Structure formats: structure tokens, C-alpha cells
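First up is the structure itself, then whatever we jot down about it.
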Amino acid sequence: MSGSAVERREDVMVLQRYKLQIASHFVAQTGWTAEELANLMEVPPDRTLGDLALPCFKLAKTMRLAPPVIAQALAQDLQTCTIVHHAEATGGYLNVRLTRETVTTDTLVHLRSNETVFQDARGAGQTVAIDLSSPNIAKPFSMGHLRSTVIGTALANLFETSGYKTVRINHLGDWGTQFGKIIVAYRTYGDEATVSANPITELNRLYVQFHEEANERPELDDAARAAFKRLEDGNEEDLTLWRYMIDVSMKEFEKTYRLLGTKFDYNLGESFYNDKMDAVVDELREKGLLEESDGAEVVQLGETMPPCLIRRSDGATLYPTRDLAAALYRARHFHADHLLYVVGGEQRLHFQQVFAVLRKMGYTFADACEHIAFGLMRMGGKKMSTRKGQIVRLQEVLDEAITRARAIIEEKNPHLQNADAVARAVGVGAVIFNDLKTYRLHDIDFTMDTALAFDGETGPYVQYAHARTCSILRKAGVLQAGPSVEGWVTSLPNTHAEDAVDDATWYLTLTLQGIEAIRVRAIEERDPSLVAKHALDIAQAFNRFYHDCPILTSDGELKAMRLALTDAVRVALLHAMTWLGIEAPSEI
RNA sequence: GUCUCAGUAGCUCAGUUGGAUAGAGCAACAGCCUUCUAAGCUGUGGGUCGGGGGUUCGAGUCCCUCCUGAGACGCCA
């Protein structure tokens with residue numbers, strides 16, 4: 001497949017072994033170490049050139065020979081290498097074709113061993129606290145919050161594959177001046193009956209209306225600030241209204257989370273830190289970091305950053321104050337070694353300031369804090385804004401996705417068992433995958449038809465490929481449930497029959513074994529989109545293999561090899577989808 | 001204005017430490033279901049990698065500069 005990981009030249013772990021093995025033949029002649037040579041090696045842009053290549057330009061400098069001459073000479077060194085089928089010089093490149101049968105068998109055995117492919121122990125003993133989702137109380141759960149939810153969940157899942165303990169924290173927006181605004185709006189033009197009939201919609205409408213009116217009457221903003229101050233001071237009447245808002249919001253959020261399959265270890269809203277902020281302010285003062293400025297209290301951060309506001313001139317706390325308290329709590333209470341904040345990129349400066357303040361306070365864990373930023377979800381090129389009422393509700397999108405998936409099942413697979421459950425898995429999977437496949441930092445311009453596409457590079461495409469593997473294995477009588485080692489087809493071919501490994505089989509094998517490196521890289525770069533893209537590559541390579549190579553009607557060792565490969569695909573896709581938080585039905 | 005991020009096919013996007021002729025998907029068009037699920041496969045067309053300099057054997061990738069877009073920039077979160 002031309003878009004496969006093979007052509008993307010991923011540095012894959014099984015291939016790394018082969019690189020080293022090949023490179024070891026060149027050490028004597030070049031004077032370079034095998035590691036240095038292996039690092040130079042790459043996958044040729046055009047697969048017809050070979051499976052691996054060594055560009056000889058850098059060698060030319062130390063060997064003082066022309067690159068084509070070096071390539072020619074090195075080709076001779078590979079005559080005795082068992083994993084090399086053919087080697088030839090093309091210009092300054094040495095192109096190597098691997099022995100397909102040997103490598104395919106090796107790869108299947110390696111994947112089946114499952115020692116490091118789908119899990120490892122790099123993070124054993126370490127805890128990573130992840131701040132994710134964090135929707136705002138009294139506002140609809142929008143497509144914008146989906147990003148934080150699915151990226152955070154995927155990262156948590158991936159970290160766990162490396163043995164990290166994760167703490168998933170939903171940092172709910174349940175505190176702040178916005179509640180002053182809603183309280184003022186509710187008291188001014190709200191109506192209890194209307195609100196209780198449709199709480200979030202109505203509360204959000206009040207919020208939008210407040211902003212419209214505050215443009216004309218700025219004194220409303222003062223009233224809102226005063227209302228929030230009353231809340232902070234413990235006014236029981238306002239607190240009752242506030243608790244009501246949390247209650248109705250959480251009920252609606254939980255419905256969405258159930259659909260998405262999102263789980264948290266803790267729902268800790270910003271208000272949770274109310275009684276922990278005085279200590280932070282005191283500590284800042286004791287450490288001599290707090291300064292008065294225009295009636296407010298701030299921490300100066302030098303030339304490169306604006307000061308961080310700690311307390312408003314009326315004494316009320318601010319967002320940074322709560323995040324400081326939260327960070328200290330996470331470091332102390334959860335013993336977090338890494339603190340990840342999956343929050344939109346527009347808050348970059350805010351987190352830089354909070355981390356800088358922690359550093360000035362002398363906390364070394366400040367260096368373990370990371371803002372995992374992501375791009376905006378836009379609509380029609382414009383930023384979604386709750387205040388302007390310009391948002392897409394996630395629930396609407398999910399409902400539409402499920403409806404469309406159900407219609408397609410009705411059309412293509414009318415006798416499917418559990419059709420409703422599968423429609424949910426596919427519809428929701430499409431929405432989640434669409435979000436995760438895009439590079440984190442890129443903005444997404446939301447359109448319903450793109451988010452709900454079921455063809456091409458989509459979640460359903462991957463789910464479909466997975467269901468196909470299950471279907472074949474089921475018919476062969478070897479399908480096992482789950483991603484366990486026991487699930488693997490046990491009989492691997494042990495002969496190296498010529499032409500057993502055709503192009504489709506070979507490219508599938510190469511793509512498949514890349515999943516190990518992708519998983520590790522996705523964790524290192526905190527980028528789930530790598531996994532999503534690689535799942536597409538595997539699915540694509542498998543679909544080609546499926547088309548070109550009959551499996552059930554083949555015989556003997558060829559059939560065994562194809563079944564083993566099919567099962568390896570099944571397990572790899574199942575893992576990848578599980579990491580991404582997407583269901584993998586065995587039949588769709 | 002300052003800072004940050006981005007600019008690759010009509011649209012949405014891939015392109016690891018600089019490597020060979022820049023790739024997918026969607027949309028369009030043309031093929032493939034008596035054969036393991038056609039949510040699939042194959043093929044065709046489609047490009048000054050925003051512009052211009054520079055670094056070097058080699059730049060979509062690194063540096064500088066300009067243009068464009070988005071975001072942030074003290075009492076919202």
C-alpha cells in the first residue's frame with residue numbers, strides 16, 4: 001500500500017534488528033559501528049527498490065570514496081547474510097531486499113510472543129496524573145470538549161501499556177465568575193419551571209442572554225462578580241442554586257460518557273480546591289513571591305511572561321490560583337511523577353505561568369508538568385463560542401452518527417445480531433476516530449459529513465477490517481475472544497516455500513510489525529494520532545491481502561501462515577482500537 | 001503591536017533523526033461481487049510543498065525574511 005507505514009519509513013523494532021544484522025557486515029570495511037550504520041539505514045521511497053537502503057553519502061566523507069563506489073563494495077559484503085535475498089547499488093544507495101519467508105516467520109513469532117509489542121514496563125512504578133475532558137457545569141458538552149476527552153483517554157490507555165499507573169481526573173469547570181453570571185441571569189430573567197424542564201439548554205440560554213445584555217449594560221458584569229464573591233463567601237441561597245446546576249449537568253454528562261465509554265478515577269471540580277487555596281496564597285506570601293498590583297495580588301514572572309494573577313482586587317480567587325492548588329494536590333496526594341493537562345492550545349500561556357509559579361515556589365515537580373495542547377474545534381472557520389451560543393452539541397452528533405450507522409447496517413447486513421449495539425459502536429467509533437486521527441495541535445473545522453464519514457480513512461474502516469479478520473477466523477474455527485496470547489493461531493509454517501509471501505502478504509507483514517514502535521512513539525510524543533494512522537495502515541494492508549490472497553480455500557502451511565497473519569492483524573487492530581477508546585465488534 | 005502555532009492536490013490531511021521520482025482519503029471518472037462481509041479492492045486525472053533568500057553532496061523537513069490565517073497577551077475559564 002502506498003500510504004503504509006512501510007513507505008512512511010517508520011523506525012520499526014523488528015526492522016531495527018535486521019538493520020543491525022546487516023550493518024554488522026559493513027563494520028570492517030567502513031570503520032563505522034553497526035549502530036551508526038543501522039541509524040543511517042532507511043526504507044526506500046519506492047518499494048520496488050528494496051526493503052531497506054543505506055545511503056552512502058555520509059560514509060563518503062570518512063572513507064574518501066565516491067558514494068556509488070562504496071555502495072558497490074558493500075553489496076559484496078552481503079553475499080553471506082542469510083536474511084538478505086538480494087543487494088545492489090543504485091547510485092549512492094545500497095538497496096537491500098530481505099528474505100521474505102524468514103522475516104515473515106520471525107515477525108509472526110515475535111508478534112505472538114507479545115513480550116514487548118503491545119506492552120512493556122518502561123513506566124513501571126511511575127504514576128501519571130491526567131487532566132482531561134473537564135467540561136463546564138451549566139453548559140452543553142460540545143464537540144470542543146470531545147477532543148480533550150478522547151485524547152486524554154487514549155493517552156491514559158497508552159501510558160498504561162507501558163506499565164504506568166494513571167490517574168484520570170475530570171477537572172470540571174464548576175467554579176468561577178461564570179456562575180455569578182448565571183446566578184444573576186437566573187434571578188433577573190430566569191424561570192424555575194422552564195429551567196427544570198430542560199436544565200442545561202435553559203441555563204445556557206440564560207448565559208448567552210446575559211452576555212448579550214452585558215454588552216449594553218456593563219453594570220451586569222459587576223453584579224456577576226459580586227454574585228460570585230457571595231458564592232465564595234458561602235451564601236447558602238446561591239450555593240443551593242449552584243449545587244442544582246452541578247447535579248443536572250452531571251446527569252447529562254454521564255449519559256454522554258457512557259456512550260463514549262469514558263471513565264474517570266476522580267471527578268474533582270475546581271470547587272474541590274476552594275479550601276486549599278488559602279494555603280497556596282499564604283505560601284506564596286511567605287516565600288515573598290506575592291506582590292500587590294492595582295489592588296490585585298500577583299506573582300511577577302520576569303521579562304518573558306506577564307505576571308500571574310493570584311487574587312482579584314475584591315479578594316476572590318482566579319483560575320491560576322485553583323490550578324496551583326490542584327497541581328500541589330495531584331503531586332502530593334496522587335504522588336504523580338508526571339502531570340499532564342489535556343487542555344486546548346489557547347491556554348498555553350496560562351499553563352506556562354502556572355508551571356513557572358510552581359518553579360518559583362521551589363517545586364521540582366514543575367518540570368514534570370506538561371500542557372498537552374490541542375487545536376481548536378472550529379465551525380465554518382470560526383471559533384465555537386458558548387457565549388455566543390455557537391456550538392455543536394456532542395450528543396447531537398453522536399445520535400446522528402448512530403442513526404446513520406443503523407441505516408447502513410439495515411442496508412448491508414440486515415440479519416446482524418445486536419444491530420443496535422453495533423450501530424452504537426460504529427457511530428461513536430467514527431466520531432472518536434475522526435478526532436483522534438488528526439494531529440493534536442491542528443485545528444479541526446467541524447463538518448457533520450466529515451465527522452460522520454464511514455468510508456475511507458475512518459474508524460468504521462478499521463472496525464470493518466477487524467470484523468473481517470474475525471469472520472475468517474470464525475469460519476476456520478480458530479477465533480478466540482480478546483487480545484490474549486491464547487488467541488493466536490498456533491500452527492506457524494516452518495518451511496520457506498518460495499512465493500508463499502507475495503507482495504500483499506509481505507507489505508502487510510512489514511506494516512504489522514511497526515505497531516510496536518508506533519505505540520512507544522505515541523507515548524513519547526503524547527500523540528494518539530500516530531496510533532490511529534497506523535491502524536489505518538494495517539487495515540489498508542490487510543484489505544489488500546484479503547483481496548489478493550484466498551485464506552480459507554488455501555492449503556497446508558500456506559493456509560496456516562495466512563491464518564496466523566490474519567490473527568496477528570486481528571490482535572493488532574483490537575489493541576489499537578482499545579487504546580483509542582473505540583469498540584471493536586467481531587461482526588458489523 | 002508583542003508572543004505562540006500553523007500554511008503540502010478542488011476539500012480533509014500524511015510525510016521519524018535533512019536523503020532517491022512529495023503520498024493517502026474524500027470528491028470526479030473507469031473497472032471488480034456464482035468466490036473468506038463491496039463500510040471493500042484496482043486504475044485515471046489532479047502539485048511553483050504560501051513567496052523569496054541561505055546552509056550542503058542533498059531541503060516539504062534546518063536558519064533568516066516577508067505574506068496569510070488562527071490563538072494568546074492582568075482582575076473570564
Side-chain angles (χ1 to χ4, degrees), chain A residues 1-4 7-11 39-40 42 44-46 49 53 55 57-58 60-61 67 90-93 95 134 136 173 175-178 181 221 224-225 270 293-298 304-314 316 318-320 322-323 343-350 352 373 375-376 378 381 383 387 405 408-409 411-413 416 426 430 437-439 441-445 447 449-450 453-458 460-461 463-465 467-468 471-476 517 521 525 529-530 533 536-537 540 543-544 546-553 566 587-588:
Chain A
M1 305 276 79
S2 48
S4 73
E7 274 201 15
R8 284 185 190 154
R9 287 166 263 158
E10 308 292 358
D11 185 17
N39 285 337
L40 279 181
E42 58 194 37
D46 181 350
L49 290 167
F57 307 99
K58 290 197 170 85
K61 287 189 176 136
T90 309
Y93 292 87
N95 289 320
S134 313
N136 294 316
W175 204 245
T177 311
Q178 53 178 329
K181 292 176 182 177
D221 283 322
R225 271 191 285 273
E270 294 181 66
S293 172
D294 295 333
E297 292 183 279
V298 307
T304 53
M305 256 185 273
C308 182
L309 254 75
I310 301 299
R311 220 197 260 277
R312 286 192 333 208
S313 42
D314 65 359
L318 285 151
Y319 180 42
R322 285 190 283 283
D323 264 350
V343 181
E346 70 271 19
Q347 294 188 30
R348 193 181 297 268
L349 178 60
H350 161 74
Q352 284 176 350
L376 284 179
R378 279 204 290 262
K383 185 183 179 181
R387 295 182 203 180
I408 293 174
I409 290 169
E411 177 196 334
K412 308 201 180 211
N413 199 356
L416 179 65
V426 172
K437 77 172 179 188
T438 306
Y439 177 60
L441 289 168
H442 279 163
D443 292 348
I444 295 181
D445 196 354
T447 55
D449 286 338
T450 306
F454 292 168
D455 299 330
E457 296 172 335
T458 65
Y461 179 90
Q463 288 171 321
Y464 184 70
R468 274 183 155 174
S471 177
I472 289 169
L473 296 165
R474 197 183 301 120
K475 288 185 177 169
R521 213 181 121 202
E525 299 185 16
S529 76
L530 294 171
K533 284 169 212 153
L536 285 172
D537 287 337
Q540 196 177 31
N543 278 333
R544 161 104 182 274
Y546 176 91
H547 181 267
D548 288 2
C549 304
I551 300 163
L552 296 174
T553 54
T566 300
E587 211 177 333
I588 72 174

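Every chain is numbered from 1, with letters handed out A, B, ... down the list of sequences. As the structure is a computational prediction, the values presented were derived from the model and not from experiment.
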- Has A:Tyr93 got its ring stacked on the base of B:G19, with centres under 5.5 Å and planes less than 30° apart?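 Stacking is absent between B:G19 and A:Tyr93, given that the ring centres and planes do not meet under 5.5 Å and under 30°.
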What's [X] touching, base or sugar-phosphate or nothing? Going by heavy atoms closer than 4.0 Å.
X	result
A:Tyr546	base
A:Thr450	nothing
A:Gly176	sugar-phosphate
A:Asp294	base
A:Pro55	nothing
A:Lys437	nothing
A:Leu318	sugar-phosphate
A:Ala53	base
A:Ile444	nothing
A:His350	nothing
A:Ala467	base

[N], OP1 or OP2 - any side-chain N/O from [X] closer than 4.0 Å?
X	N	value
A:Thr447	B:U12	no
A:Arg378	B:G69	no
A:Arg468	B:A39	no
A:Arg312	B:C76	yes

Per [X] side chain, nearest of listed nucleotides [options]:
X	options	value
A:Glu42	B:C36, B:A77, B:G19	B:G19
A:Leu49	B:G15, B:A20, B:A72	B:A20
A:Glu270	B:A77, B:A39, B:A14	B:A77
A:Pro44	B:U4, B:A20, B:C36	B:A20
A:Leu349	B:A72, B:A39, B:A77	B:A72
A:His547	B:C41, B:C75, B:A14	B:C41
A:Pro307	B:U42, B:A14, B:G74	B:G74
A:Asp455	B:A39, B:G7, B:C36	B:A39
A:Ile588	B:U16, B:A39, B:A14	B:A39

- Query: Using the glycosidic torsion, which applies to B:C32: syn (within 90° of 0) or anti (everything else)?
  - Reply: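 B:C32: anti.
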Under a 3.5 Å cut-off for both distances, is [N] Watson-Crick or wobble paired, and to whom?
N	result
B:A20	none
B:A72	B:U2
B:G43	B:C29
B:C62	B:G54

Are side-chain heavy atoms of [X] and [Y] found at a separation under 4.5 Å?
X	Y	value
A:Asn543	A:Tyr461	yes
A:Ile472	A:Leu552	yes
A:Asp294	A:Ser313	no

How far does the [atom1] atom of [N] sit from the matching atom of [M], given to the nearest Å?
N	M	atom1	answer
B:U68	B:C49	C1'	16 Å
B:C67	B:G25	C1'	30 Å
B:C26	B:A20	C1'	30 Å
B:A59	B:U16	P	16 Å
B:G45	B:C29	C1'	8 Å
B:C13	B:C32	C1'	28 Å
B:A22	B:C5	P	29 Å
B:U56	B:U61	P	16 Å

Could you state the atom-to-atom distance from [atom1] of [X] to [atom2] of [N] in whole Å?
X	N	atom1	atom2	result
A:Tyr461	B:G25	OH	P	8 Å
A:Glu457	B:G25	CD	P	7 Å
A:Leu40	B:U16	CG	C1'	14 Å
A:Leu376	B:A77	CG	P	19 Å
A:Tyr439	B:A6	OH	P	7 Å
A:Asp221	B:C75	CG	P	11 Å
A:Lys58	B:A20	NZ	P	12 Å
A:Gln347	B:U4	CD	P	19 Å

- Message: Between A:Lys412 and A:Phe57, which residue's closest nucleotide on RNA chain B lies nearer the 5′ terminus?
- Response: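 Result of the comparison: A:Phe57.
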- Message: Return whichever of A:Ser529 or A:Ile408 has its heavy-atom-nearest nucleotide of RNA chain B closer to the 5' end.
- Response: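 Looking at RNA chain B, the more 5' nearest nucleotide goes with A:Ser529.
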- Message: A:Arg312 vs A:Arg225, test: side chain to side chain contact (heavy atoms under 4.5 Å, CB included). Steps then yes/no.
- Response: CA-CA 10 Å; A:Arg312 286 192 333 208; A:Arg225 271 191 285 273; 3.8 Å; yes
- Check whether the side chain of A:Asn95 and the base of B:A20 form a donor-acceptor pair under 3.5 Å.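 Yes, the side chain and the base share a sub-3.5 Å donor-acceptor pair.
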- Query: Between the base of B:G74 and the side chain of A:Ser293, is there any donor-acceptor pair under 3.5 Å?
  - Reply: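 Yes.
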- Query: Should A:Phe454 and A:Gln463 be marked as a side chain to side chain contact (heavy atoms under 4.5 Å, CB included) after you check the CA-CA gap, both sets of side-chain angles, and the distance that decides it?
  - Reply: CA-CA 10 Å; A:Phe454 292 168; A:Gln463 288 171 321; over 6 Å; no
- Message: Before you tell me yes or no, could you show the steps for A:Val343 and A:Arg348 under side chain to side chain contact (heavy atoms under 4.5 Å, CB included), namely the whole-Å CA-CA distance, both residues' side-chain angles and the distance that decides it to 0.1 Å?
- Response: CA-CA 9 Å; A:Val343 181; A:Arg348 193 181 297 268; over 6 Å; no
- For the residue pair A:His350 and A:Tyr319, does the interplanar ring angle fall in the parallel (under 30°), tilted (30 to 60°) or perpendicular (over 60°) class?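 Correct class here is parallel.
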- Message: Closer than 4.0 angstrom, basic N to acidic O: yes or no for A:Asp537 and A:Lys533?
- Response: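 No salt bridge links A:Asp537 with A:Lys533.
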- Query: Between A:Asp443 (side chain) and A:Leu376 (backbone), is there a donor-acceptor pair under 3.5 Å?
  - Reply: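 Here the side-chain-to-backbone pair exists.
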- Item | Where A:Pro67 and A:Gly92 come nearest, the two heavy atoms and their spacing |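 Scanning both residues completely, I find the closest heavy atoms to be CB-CA, 3.8 Å.
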